[in-house]
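Here the structure comes first, spelled out in structure tokens, and everything after it is commentary.
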There are 2 protein chains.
Amino acid sequence: MARAGLTAERVTIAGAELADEVGLDRVTMSQVARRLGVKDASLYSHVRNLEDLRGRIALLAADEKTVLIAEATAGRAGKDALVAFADAWREYAHRHPGRYTATQTPIQIDPELAAKAPGPRRAVELTYGMLRGYGLTEPDLTDAVRLLRSTFHGFVALEAAGGFGHERSPQQSWTRALDALHALLEHWPPSREGASS
Amino acid sequence: MARAGLTAERVTIAGAELADEVGLDRVTMSQVARRLGVKDASLYSHVRNLEDLRGRIALLAADEKTVLIAEATAGRAGKDALVAFADAWREYAHRHPGRYTATQTPIQIDPELAAKAPGPRRAVELTYGMLRGYGLTEPDLTDAVRLLRSTFHGFVALEAAGGFGHERSPQQSWTRALDALHALLEHWPPSREGASS
DNA sequence: TTGTCTTCCTAGGGCCCCTAGGCTAAAACT
DNA sequence: AGTTTTAGCCTAGGGGCCCTAGGAAGACAA
């Protein structure tokens, strides 16, 4: 019987493609096997189980997303960098919805596998680097990074969930949100404990 | 055979409890039936199928969350209202993680059922009402609402996914994010088309 | 009491996850 | 080249889940 030339990576890619087409929660071992022209039991030589496959898809996606963001922000600074970063993030989520949702699953990944994936670490560096120009210092820097990531992720998640009505295009709201975040980063409010207005 | 007194609502509640305990994606008809001391086939007299059950959980959660936010923001204005709104949102997500994720699924709900659920409509009204004090006008108002919802949702989603390291408590970042958003709403940048810095 | 409605049951088909064990193509060694 | 070892893919099968079909037995009304 001719061999199919399976490998953990090919299985992961097939799973990622399937995730983008039908949604991450519809990625099953059987479907991935069918797409590869193979019986489902054959996959278990390359991938531990479904959860492992999901983790691999998540790592793949994190790496891809990080690379795109790195390319988009290379050589840019200030608002240019912010917009490039955010647009690359959002575009990845649009282009690869299944992969993107995989990046947001509580990480339950084989540690040894995760160790050789440069994605997450690099993503953190990129975000901090992008903010360097705004002159923030810790702990404001960390807070700003978290705010940006929250907003980017929240926006594309709501967009994907159909959370925005049709009265105004998401693109316009997105552009304005980036304007607003840029303004906010330039005038980051000083830390005051008990002030309320 | 003694009757269990099932009803669509009781089934939904059991599903919601299960979702909070083990995660929404682990809510199965069989598990819900087991929890109710009933065979799984019995549920289909009250709920059309698993997708329908998920939709009902989503509506239940949306209503609960809206009520909590309404109570929290009642009689408040300005930053007080913003913080109360955001804290109620985040607390609901923490207390009911499964229900909360249900609210974020692309809505695939029986329209007739959705029509009698006041949650979504009321939630929109609440958000716009909270922002009234900042004096924004359309379309800035819509953009601001979307930015806030994105940030709130993104923050709790990243928090739930373990997306924040341990170097700084999420609570502190959350407080600072609300400070920042409040400042942003008070000085919402004017709409300028081609300006870049 | 009798009839009707509803609730819950058992039976069963189909898909999915995963393990165990076998066969054979491909690679490694002599 | 011939032989041994490795590894890829297979079939068989158990268990769980979703859902439908049809039956039995409470609850309720006449």
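Naming convention: chains lettered A, B, ... in sequence-line order (proteins, then strands); numbering from 1 in each chain.
- With rounding to whole Å, B:R26 atom CZ is found 13 Å from D:dC18 atom P.
- Between atom CZ of residue B:R76 and atom OG1 of residue B:T73 there is a gap of 8.5 Å, rounded to the nearest 0.5 Å.
- To the nearest 0.5 Å, the span separating OH on B:Y44 from CG on B:L50 amounts to 7.0 Å.
- Connection of B:L43 to B:L60 is not established within any shared hydrophobic cluster, with ILVMFWY side chains joined at heavy-atom distances below 4.5 Å, either directly or through further cluster members.
- Among the nucleotides D:dC17, D:dT20, C:dC18, the one closest to the side chain of B:A41 is D:dT20.
- Counting to the nearest Å, the P atom of D:dC10 and the CG atom of A:L36 are 11 Å from each other.
- Dashed line: the shortest gap from a side-chain N or O of A:H46 to OP1 or OP2 of D:dC9 is under 4.0 Å.
- Annotation: cation-pi geometry satisfied between B:R146 and A:F164 (NZ/CZ under 6.0 angstrom from ring centroid, within 45° of ring axis).
- Atoms NZ (A:K39) and P (C:dC16) sit 12 Å apart, rounded to a whole Å.
- Each of D:dC9, C:dC16, D:dC18 was ranked by its minimum atom distance to the side chain of A:S45; first place goes to D:dC9.
- Ring geometry for A:W89 versus A:F152: interplanar angle over 60°, hence perpendicular rather than tilted (30 to 60°).
- A straight line from CG of B:L53 to P of D:dC18 spans 10 Å, rounded to a whole angstrom.
- Here C:dC8 is the nucleotide among C:dC8, C:dC17, C:dA20 with the atom lying nearest to any side-chain atom of B:L6.
- Using a 4.0 Å heavy-atom criterion, one finds that A:S42 contacts the bases of the nucleic acid, with or without backbone contacts as well.
- The phosphate of D:dC18 has OP1 or OP2 within less than 4.0 Å of a side-chain N or O from B:S30.
- Separating the CZ atom of A:R54 from the P atom of C:dC17 is a distance of 9 Å, rounded to the nearest angstrom.
- Put simply, CE on B:M29 is 6 Å from P on D:dC19, counting in whole angstrom units.
- Counting any heavy atom pair closer than 4.0 Å across all strands shown, A:R34 reaches sugar-phosphate atoms only and no base atom.
- The separation between B:L50 atom CG and D:dT20 atom C1' is 16 Å, rounded to whole Å.
- Spacing between atom CG of A:D40 and atom P of C:dC18 amounts to 10 Å, rounded to whole angstrom units.
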